[in-house]
**Student:** 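Please find one structure pasted underneath; my questions will follow.
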Amino acid sequence: MKLYIIAGEDSGDLHAANLIRAIKVRTPRVRTRGVGGDQLAEVGTKLVAHVRDINFMGFWEVIRNLRTIRQLFSTVKEDIKQWQPDAAVLIDYPGFNLRMAKFLKRQGVQVIYYISPQVWAWKKNRIKTIDRYVDEMLVILPFEKTFYAEEGLEVQFVGHPLLDVIPPKAPKSAAITGTIALLPGSRKQEIKRMLPLMLELVPRFLEYRFVIAGAPSQSEEFYYPIMGDYPVDLVMNQTHELLQKADYAVVTSGTATLETALFRVPEIVVYKGSKISYEIGKRLVNIPFISLVNLILGREAVRELIQDDCTPDHMEQALRERMIIEQNQILQQDYQELYEMLGSKGASIRAAEYIIHQVKGIQAY
C-alpha cells in the first residue's frame with residue numbers, strides 16, 4: 001500500500017506522524033511519501049518538501065509567497081504522477097490541499113482528508129469542493145460531524161489525536177509560582193510578530209521564569225535575535241514537556257491553545273496579524289472566538305486578545321486575572337468539560353483502521 005501524505009504545518013506533521021505510526025503497526029509494508037516535517041520523516045516518510053519552507057500565514061503573507069507555493073504545487077503533482085500512490089491523506093492545510101484534491105481525483109487517486117479545513121469558520125463554499133473531490137473526510141472536533149450533516153455530507157468523527165499524546169492530569173495550584181510558558185506559534189511571520197509582544201511581559205513578572213517553546217520547524221538561531229537581552233529560556237521541540245511544568249501560558253491562537261488546555265495550564269490567547277490580513281480576515285471569518293478552546297465549549301473560557309487589544313498592558317492584566325485562584329477553579333472545570341467533549345483516546349488508531357479498510361477495499365475492487 002502506497003500513501004501520499006501532505007501536512008503543511010507543525011501540528012499537521014505531528015498528527016500525520018502518529019497516524020502513519022498507527023497504520024504501520026497494522027500494515028507494516030505500507031510505503032509513505034509526501035510533504036511534512038521532521039516527525040513525519042522519523043516514521044519513514046520520504047519528504048519532497050519540508051514544512052519549514054512552505055508554512056505561510058495570513059492573506060498578505062500568502063500572496064507574497066505565491067511563487068514558492070506554485071513551485072511546490074508543480075513539484076508535488078509531478079511526484080504523484082511518478083510515484084502513483086494508492087491513496088492520498090491530506091492533513092488540514094486547505095488552501096493547498098483542496099486544490100491538490102482536484103488533481104488527485106483526476107489522477108484516479110483516492111482522496112482521504114484527515115483533520116477538516118475550518119469551513120465552519122470561513123470559506124463555506126469549500127464544502128462543494130470537498131463533496132466533489134474528497135472521498136472520505138475524517139473529522140476531529142465534535143461539532144464538525146453535525147456541521148457537515150447539516151450540509152448534506154457524511155463524515156467520520158474519530159476523536160481528537162491530541163488526547164493520545166497529552167495525558168489528563170490534576171489541576172495546578174495557582175498559589176504556586178514558577179514558570180510562564182510563551183508559545184508564539186510555529187510560522188516565522190507569526191513568531192516575529194508575537195514573540196516581541198510576549199517578551200514585554202518579562203519585566204512585569206519578575207517573580208516568574210519565562211520559557212519560550214521553540215517550534216520544531218524553526219532553528220534555535222532564528223529565535224536569538226528576537227529574544228535580545230531578555231532573561232528568558234528557550235526550549236526546542238519540547239512544548240509538551242514545557243506545558244507539563246508551566247504554571248501559566250501566553251499562547252498565539254492555533255492548535256497550541258487546545259494543547260495548553262489539555263495540559264490544564266491556565267492560559268491567555270493572543271493574536272495580532274498584519275493590518276491588511278486582519279482587515280481582510282475580519283470580513284470573511286464568521287466565528288465568535290479564535291481559540292479552539294472557546295469554539296468547542298461555545299463560550300469564552302479563556303481570555304482572547306486580538307489585534308488592537310493585543311497590547312502588553314492588556315496582556316499583563318489578563319494574565320494577572322488568570323492568577324486569581326477562584327477564577328482558575330472555574331477554568332479547570334471548563335477544561336474538564338472540554339476534555340470530555342473531545343471524545344476518547346485512540347483517534348490515530350481509529351483513523352488508521354478506517355484508512356486501511358478504505359484503501360484495501362479500493363485495491364480489492
Side-chain angles (χ1 to χ4, degrees), residues 1-9 12-13 15-16 19-20 23 27 30-36 40 45-49 51 54 56 62 66 68-141 144-145 147-158 348 350-365:
M1 183 165 67
K2 296 165 67 176
L3 297 178
Y4 207 91
I5 317 296
I6 303 179
E9 53 192 2
D13 179 49
H15 300 321
L19 174 67
I20 298 307
I23 289 175
T27 309
V30 67
R31 296 166 60 193
T32 57
R33 186 178 179 92
V35 178
L40 201 50
T45 300
K46 172 66 176 178
L47 298 183
V48 298
V51 294
I54 60 173
F56 308 114
V62 169
L66 274 178
T68 299
I69 296 170
R70 286 170 177 161
Q71 288 175 341
L72 171 65
F73 198 81
S74 297
T75 298
V76 172
K77 285 202 305 184
E78 288 304 313
D79 194 57
I80 289 169
K81 287 179 182 178
Q82 293 294 323
W83 201 56
Q84 297 185 334
D86 297 304
V89 180
L90 310 179
I91 315 289
D92 199 4
Y93 201 48
F96 187 93
N97 274 338
L98 286 178
R99 287 182 61 213
M100 188 58 67
K102 297 180 184 180
F103 168 78
L104 288 161
K105 192 74 171 179
R106 290 165 182 159
Q107 294 295 308
V109 178
Q110 186 181 26
V111 179
I112 300 169
Y113 218 118
Y114 177 48
I115 306 179
S116 169
Q118 296 178 352
V119 288
W120 35 266
W122 72 303
K123 290 195 174 181
K124 195 174 179 180
N125 61 320
R126 284 175 166 172
I127 293 174
K128 296 178 182 178
T129 302
I130 292 170
D131 188 27
R132 183 176 300 174
Y133 299 109
V134 174
D135 295 297
E136 302 292 340
M137 173 68 77
L138 309 182
V139 302
I140 65 172
L141 297 175
E144 290 178 321
K145 186 173 178 65
F147 170 83
Y148 276 107
E150 291 173 349
E151 297 297 326
L153 275 69
E154 182 181 353
V155 302
Q156 303 298 320
F157 173 61
V158 296
S348 298
R350 286 189 289 273
E353 291 175 344
Y354 193 85
I355 290 169
I356 292 169
H357 175 76
Q358 292 298 114
V359 176
K360 286 188 174 179
I362 291 294
Q363 290 175 330
Y365 181 80

**Student:** Start with the C-alpha distance between L90 and L104, add both sets of side-chain angles, then the distance that settles side chain to side chain contact (heavy atoms under 4.5 Å, CB included), and finish with yes or no.
**Tutor:** CA-CA 11 Å; L90 310 179; L104 288 161; 4.0 Å; yes
**Student:** Would you indicate whether K128, at its atom NZ, is surrounded by more than 12 heavy atoms from other residues, nucleotides or ligands within a distance under 6.0 Å?
**Tutor:** no
**Student:** Rounded to the nearest 0.5 Å, how far apart are CG of D86 and OH of Y4?
**Tutor:** 14.0 Å
**Student:** Using a 6.0 Å distance limit plus a 45 degree cone around the ring axis, check whether K77 lies over the aromatic ring of F103.
**Tutor:** yes
**Student:** As a quick check of understanding, evaluate side chain to side chain donor-acceptor pair (under 3.5 Å) for Y114 and D92, giving each step before the final call.
**Tutor:** CA-CA 7 Å; Y114 177 48; D92 199 4; over 6 Å; no
**Student:** Determine whether the side chains of Y148 and S116 contain a donor N or O and an acceptor N or O closer than 3.5 Å.
**Tutor:** yes
**Student:** Got more than 12 heavy atoms from elsewhere within 6.0 Å of CZ, R99?
**Tutor:** no
**Student:** Between R350 and E353, is there a side-chain N and carboxylate O pair less than 4.0 Å apart?
**Tutor:** no
**Student:** Give, for atom CD of Q107 and atom NZ of K105, the distance between the pair rounded to the nearest 0.5 Å.
**Tutor:** 13.0 Å
**Student:** Closest heavy-atom contact between T129 and L98?
**Tutor:** CG2-O, 4.1 Å
**Student:** When rounded to the nearest 0.5 angstrom, what distance separates OG1 in T45 from CD1 in I20?
**Tutor:** 5.5 Å
**Student:** Under a 4.0 Å N-O cut-off, is there an ion pair linking E154 with K145?
**Tutor:** no
